[in-house]
Amino acid sequence: MVFSPSRCLFTSTLMLGIAISISSNSWFAAWMGLELNLLSFIPLIFMKHNQYSSEAALKYFLIQALGSTVLLISAVMIMMKMQMFSAPLSAALLLKAGSAPFHFWFPPTLEGMMWPQALVLMTVQKITPMFLLSYYIVDQALLISIAAMMSAVVGALGGLNQTLLRKLLGYSSINHMAWMMAALLMSESTWLLYFMVYSAMSFSVVMLFHFSQTFHFNHLMNHTPPSPVIKLVMFMSLLSLGGLPPFTGFIPKWIVIQQLCWSSNFLLLAILLGSSLFTLFYYLRITLMSLVLSSSKTKWSIKSTLKNKLIIMALFINLVGLLIPSTAYSFMM
């Protein structure tokens, strides 16, 4: 069951671990919150009907354990006045968040999960590392800028040859990590706005894929949705996630672009804009392939639980940015 008592318990402790980490006043308490979060998320990954969930859980545990070990050792060294260990600490947080050049584990792990768990990994599990990373944003600005550039390139090029939708969204998440790190370099409020909009976009896309049980390009082409509106909303959600104007996903990117221009950080801005073209390319590829190469023979069944409320919610999420551009801008001023 999706809402079984055990899952509710582990979800609660997962959120408690995040709250402990971001509200702690010491690295040891932050480490404890990260460990609680890790031990709570692993049981949520396991699914009876997913034969790859054990592999994904093991990969996630090993990588996060490595990151926690490096973080704890670096924190102890920093408390002993050895400030050169702030770089390994930042690298450990980048590893936990799945940012390049420590991204190698992220797409394969995401591929072994079901859509709800993948959504949590792409959104909720990035909160704590990004909050902790903001503490060293001044001292490690160069390292974070390099990581943002590498994440933009890896996320853009890595998704070009993908036909598995979870891996494709994984590389898209790496690309969005670049934008979030660039936003974090500007201000925490900019990062918070970008993260909230990205989470809403990801939610609308993942829930549509989850209810239609879509995991591969072929599923999109062979599906015959109950209504053409569902397919239209799905494509609008993908384009909004890619940051195409005038959808909601463009609003936070527009704010980051403006702030990067004001700070004269044109190299990072050029790489981010170039990578966005590649991400939009593979989102448009999904859209065009599904529209042009549609098949009337339904090979994969669609769950009947896809309700009109979900469609209305996805439409609202993707189009609300058209109604409040001035509000989003004034939020940053």
Side-chain angles (χ1 to χ4, degrees), residues 119 122-123 126 130 148-149 151-153 155-157 159-160 165 168-209 231-263 265-288 290-291 311-333:
L119 176 64
M122 289 190 297
T123 56
K126 295 184 184 296
M130 294 298 289
M149 295 178 191
S151 297
V153 175
L157 300 181
L160 290 178
L165 294 178
L168 189 141
L169 286 185
Y171 282 106
S172 173
S173 179
I174 294 172
N175 182 264
H176 281 284
M177 270 295 299
W179 285 90
M180 283 190 276
M181 285 188 286
L184 196 62
L185 288 169
M186 300 299 104
S187 67
E188 291 183 3
S189 56
T190 308
W191 168 78
L192 184 61
L193 175 64
Y194 193 102
F195 178 78
M196 290 171 60
V197 175
Y198 166 68
S199 299
M201 298 297 99
S202 298
F203 176 80
S204 65
V205 171
V206 168
M207 286 299 103
L208 287 169
F209 284 159
K231 185 172 282 192
L232 179 62
V233 171
M234 186 180 296
F235 300 150
M236 288 175 59
S237 300
L238 284 170
L239 295 178
S240 180
L241 183 62
L244 183 71
F247 298 111
T248 306
F250 174 69
I251 299 297
K253 287 190 175 183
W254 171 54
I255 295 174
V256 174
I257 289 169
Q258 283 193 325
Q259 295 203 355
L260 286 174
C261 288
W262 291 338
S263 62
N265 200 340
F266 296 112
L267 177 61
L268 178 57
L269 176 60
I271 294 175
L272 289 175
L273 291 177
S275 67
S276 293
L277 296 178
F278 287 95
T279 56
L280 279 174
F281 168 75
Y282 54 71
Y283 284 136
L284 284 171
R285 183 180 60 166
I286 297 176
T287 304
L288 295 178
S290 303
L291 287 175
I311 300 173
I312 295 173
M313 180 191 64
L315 278 173
F316 174 77
I317 289 174
N318 294 313
L319 298 178
V320 70
L322 296 174
L323 307 176
I324 54 169
S326 57
T327 305
Y329 181 76
S330 62
F331 176 79
M332 305 308 306
M333 299 303 292

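If you read the sequence from its start, that first residue is 1, and numbering goes on from there.
With hydrogens and angles ignored, the 3.5 Å screen pairs no side-chain donor or acceptor of Thr190 with any backbone N or O of Ala183. Ser173 places no side-chain N or O within 3.5 Å of a backbone atom of Leu169 that could act as its donor or acceptor partner.
Ser276 is listed as a side-chain neighbour of Trp179, based on a closest heavy-atom distance under 4.5 Å. Residues Leu241 and His176 meet the side-chain proximity criterion, which asks for heavy atoms closer than 4.5 Å. Annotation: side chain of Ser172 is in contact with side chain of Tyr283 (closest heavy-atom distance under 4.5 Å). You'll find the side chain of Phe209 stays beyond 4.5 Å of the side chain of Leu119, heavy atoms only. Counting only heavy atoms from C-beta outward, the side chains of Leu272 and Lys253 never approach each other to under 4.5 Å. Side-chain contact check for Met130 versus Trp191: some heavy-atom pair is nearer than 4.5 Å. Between Met186 and Ile255, every side-chain heavy-atom pair lies at or beyond the 4.5 Å cut-off.
Contact record, Ala156 with Thr279: CA-CG2, 4.2 Å, taken as the closest heavy-atom pair. Closest approach of Gly155 to Tyr282, counting heavy atoms only: O-OH, 3.1 Å. The shortest non-hydrogen separation linking Leu280 to Leu239 is CD2-O, 4.3 Å. In terms of heavy atoms, Leu160 sits closest to Phe278 at CD1-CD2, 3.9 Å. Nearest heavy-atom pair, Asn175 versus Ala152, reported as atom, atom and distance to 0.1 Å: ND2-O, 3.3 Å. Contact between Ser240 and Met201 at its shortest, heavy atoms only, is OG-SD, 2.6 Å.
From Leu260, atom CG reaches atom CH2 of Trp262 across 11.0 Å, with rounding to the nearest 0.5 Å. To the nearest 0.5 angstrom, Met207 atom CE is 12.0 Å from Ser237 atom OG. Note that the CZ atom of Phe247 and the CE atom of Met236 stand 4.5 Å from one another [nearest 0.5 Å]. Distance CG/Leu267 to CG/Asn265: 7.0 Å, rounded to 0.5 Å. Separating the CH2 atom in Trp254 from the CD1 atom in Ile257 is a distance of 10.0 Å, to the nearest 0.5 Å. To the nearest 0.5 Å, the span separating CG on Leu277 from CG on Leu284 amounts to 10.5 Å.
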